[in-house]
Peer 1: 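Dumping the structure here so I can ask a few things about it.
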Amino acid sequence: MSSETSLQTSPTPLGRDDLARLVARDIVPGSFVNLGIGQPTLVSNYLTTEQNVTLHTENGMLGMGPAAESDQIDGDLINAGKIPVTELPGASYFHHADSFAIMRGGHLDICVLGAFQVSASGDLANWHTGAPDAIPAVGGAMDLATGAKDVFVMMTLLTREGASKIVEACTYPLTGVGCVTRVYTDKAVFLTGPGGVTVRETFGYTLAELQDLVPVPLTAAA
């Protein structure tokens, strides 16, 4: 089997839920994790009891459970993206300042964020595109990007215009420098850092086909 064939773990690109399931599977048991607004919140639906992962939300909660449905919904129990959530046994609540102290103090093992761009060296841009009609809102992203021990990104690989979101250098305002270690996209999982970009696995694409889409050198992960 060729290295290109062995990289491809799905015959088609992954949908949002399949990607969230993959991220959840990769989270080390016992981790303390923050899930960013948007696509990353789906990860909470696929964490297992056996993983014993504790979810933090920056509006002041530890022990967040999956998204709430029907009669589970409590208007006062929401995550940072204002989505109704559930609470797990032992959940706790605290002041916003204490929540940010958890984020800034290095107490989170992983945060999972969305992004507009990720550079080959792991720089993150996820709060402003510079568009004149855009409303910049960094929120707690910069605190998470610099405070978490590992930063995972979930995003589509391409913009609506077909441009790669993995770039040599970010052209949008930065959220964090050299902070992203792993990028989960619909077409592949990428590892980023000082050594450039490696591809862990692909979904519906060969490494050569990905290279045609991404303007930075790609190598297969060992």
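Just so it is clear, the model here is predicted, and its values are computed rather than measured.
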Peer 1: For the atom pair OG1 (T9) and CD (E201), what is the distance rounded to the nearest 0.5 Å?
Peer 2: 3.5 Å
Peer 1: Check each of L157, L158, T185 against V214 using the side chain to side chain contact (heavy atoms under 4.5 Å, CB included) test, and report the only one that passes.
Peer 2: L157
Peer 1: Under 3.5 Å, side chain of T181 to main-chain N/O of V151, donor-acceptor pair present?
Peer 2: yes
Peer 1: Keeping the roles fixed (side chain from T192, backbone from A120), state whether a donor-acceptor pair exists under 3.5 Å.
Peer 2: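 Here the side-chain-to-backbone pair does not exist.
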Peer 1: Of the non-hydrogen atoms in L22 and R200, which two are nearest, and what is the gap between them?
Peer 2: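 Smallest heavy-atom distance, with atoms named: CD1-NH2, 3.8 Å.
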Peer 1: Hey, any chance Y93 and V85 share a hydrophobic cluster, counting ILVMFWY side chains that come within less than 4.5 Å of each other, even indirectly?
Peer 2: yes
Peer 1: Q211 side chain to L218 main-chain N or O, any donor-acceptor pair under 3.5 Å?
Peer 2: yes
Peer 1: Is there a side-chain contact between M103 and L108, using heavy atoms and a 4.5 Å cut-off?
Peer 2: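 In short, these two side chains touch, coming nearer than 4.5 Å.
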Peer 1: Would you confirm whether S121, through its side chain, and G193, through its main-chain N or O, come within 3.5 Å as a donor-acceptor pair?
Peer 2: no
Peer 1: My understanding is that only residues two or more places apart in sequence, or in another chain, count here; which of them pass side-chain contact (heavy atoms from CB on, under 4.5 Å) with S31?
Peer 2: I27, V28, V33, D109, I110
Peer 1: Between D123 (side chain) and G178 (backbone), is there a donor-acceptor pair under 3.5 Å?
Peer 2: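 Between the backbone of G178 and the side chain of D123 there is a qualifying donor-acceptor contact (under 3.5 Å).
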Peer 1: Do L124 and C179 have side-chain heavy atoms sitting under 4.5 Å apart?
Peer 2: yes
Peer 1: So, the side chain of T175 versus the backbone of A141: is there a donor-acceptor pair under 3.5 Å, distance only?
Peer 2: no
Peer 1: Do V167 and V118 have side chains that approach each other closer than 4.5 Å (heavy atoms only, starting at C-beta)?
Peer 2: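 Not touching, per the 4.5 Å side-chain cut-off.
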Peer 1: Could you pull out the closest heavy-atom pair between A169 and S119, with the gap in Å?
Peer 2: CA-CB, 4.1 Å
Peer 1: What distance do D18 atom CG and S10 atom OG have between them, rounded to the nearest 0.5 Å?
Peer 2: 7.5 Å
Peer 1: Where do R21 and D26 land on the salt bridge (charged side-chain N to carboxylate O under 4.0 Å, His left out) test, with the steps shown first?
Peer 2: CA-CA 9 Å; R21 187 179 290 108; D26 283 353; over 6 Å; no
Peer 1: So, taking the atom named OG in S92 and the one named CE in M64, what distance separates them when rounded to the nearest 0.5 Å?
Peer 2: 12.5 Å
Peer 1: Is Y205 linked to L14 within one hydrophobic cluster, defined over Ile, Leu, Val, Met, Phe, Trp and Tyr using a side-chain heavy-atom separation of less than 4.5 Å?
Peer 2: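 No, Y205 and L14 fall in different hydrophobic clusters.
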Peer 1: Which label fits F116 and Y172: parallel for a plane angle under 30°, tilted from 30 to 60°, or perpendicular past 60°?
Peer 2: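 Because their plane-to-plane angle is over 60°, the rings of F116 and Y172 count as perpendicular.
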Peer 1: Give a yes or no on whether the backbone of I37 and the side-chain of T41 come within a donor-acceptor separation of less than 3.5 Å.
Peer 2: no
Peer 1: Ignoring hydrogens and angles, state whether a donor on the side chain of Q117 or T171 is under 3.5 Å from an acceptor on the partner side chain.
Peer 2: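 Short answer, yes.
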Peer 1: Exactly one of F203, F152, F190 should register a ring pair (Phe, Tyr, Trp, His ring centres under 6.0 Å) with Y184. Which one does?
Peer 2: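 Looking at F203, F152, F190, the match for Y184 under the ring pair (Phe, Tyr, Trp, His ring centres under 6.0 Å) is F152.
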Peer 1: Should V183 and V216 be counted in the same cluster of Ile, Leu, Val, Met, Phe, Trp and Tyr side chains packed under 4.5 Å apart?
Peer 2: yes
Peer 1: Rounded to the nearest 0.5 Å, what separates atom OG in S164 from atom CG in D212?
Peer 2: 12.0 Å
Peer 1: Regarding K165 and T156, is there a side-chain donor-to-acceptor distance under 3.5 Å anywhere?
Peer 2: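 T156 and K165 do have a side-chain donor-acceptor pair below 3.5 Å.
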Peer 1: Looking only at non-hydrogen atoms, find the nearest pair between P173 and A125 and report the distance.
Peer 2: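 Residues P173 and A125, closest heavy atoms: O-CB, 3.4 Å.
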Peer 1: Determine, for D186 against R16, whether the closest basic-nitrogen to carboxylate-oxygen distance falls under 4.0 angstrom.
Peer 2: no
Peer 1: How close do Q39 and M155 get, heavy atom to heavy atom, and via which atoms?
Peer 2: OE1-CA, 4.3 Å
Peer 1: Treat each ILVMFWY residue as a node, draw an edge where side-chain heavy atoms are under 4.5 Å apart, and state whether L213 and V199 are in one component.
Peer 2: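 Linked within one cluster.
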Peer 1: Distance from L174 atom CG to N126 atom CG, nearest 0.5 Å?
Peer 2: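 Reported to 0.5 Å precision, the distance equals 10.0 Å.
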Peer 1: Test your reading of the model: is there a side-chain donor-acceptor pair from E87 to the backbone of G63, 3.5 Å cut-off?
Peer 2: no
Peer 1: Of all the heavy-atom pairs spanning V153 and A115, show the shortest one and how long it is.
Peer 2: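 The answer is CG1-CB, 3.7 Å.
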Peer 1: Could you give the distance from OG1 (T86) to CD (Q72), rounded to the nearest 0.5 Å?
Peer 2: 6.0 Å
Peer 1: Under the criterion side chain to side chain contact (heavy atoms under 4.5 Å, CB included), which of L144, L55, N79 is the partner of L35?
Peer 2: L55
Peer 1: Is there a path of hydrophobic side-chain contacts, each under 4.5 Å between heavy atoms, that joins L191 and V23?
Peer 2: no
Peer 1: Can you name the residues that form a side-chain contact (heavy atoms from CB on, under 4.5 Å) with A20, not counting sequence neighbours?
Peer 2: L42, V43, Y46, M154
Peer 1: If we ignore angles and hydrogens, is there a donor and acceptor under 3.5 Å between the side chains of S99 and E58?
Peer 2: no
Peer 1: Got K187 and L210 here, is their nearest side-chain heavy-atom distance under 4.5 Å?
Peer 2: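 Answer yes - side chains close enough.
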Peer 1: Taking the side chain from T159 and the backbone from A163, do they hold a donor-acceptor pair closer than 3.5 Å?
Peer 2: yes
Peer 1: Measure across A80 and N59 and return the closest heavy-atom pair with its distance rounded to 0.1 Å.
Peer 2: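 Distance-wise, the nearest heavy atoms are N-OD1, 3.3 Å.
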Peer 1: Taking CZ in F100 as the centre, count heavy atoms belonging to other residues, nucleotides or ligands within less than 6.0 Å. Is the count above 12?
Peer 2: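 Counting neighbours around CZ of F100, more than 12 heavy atoms of other residues, nucleotides or ligands fall under 6.0 Å, so yes.
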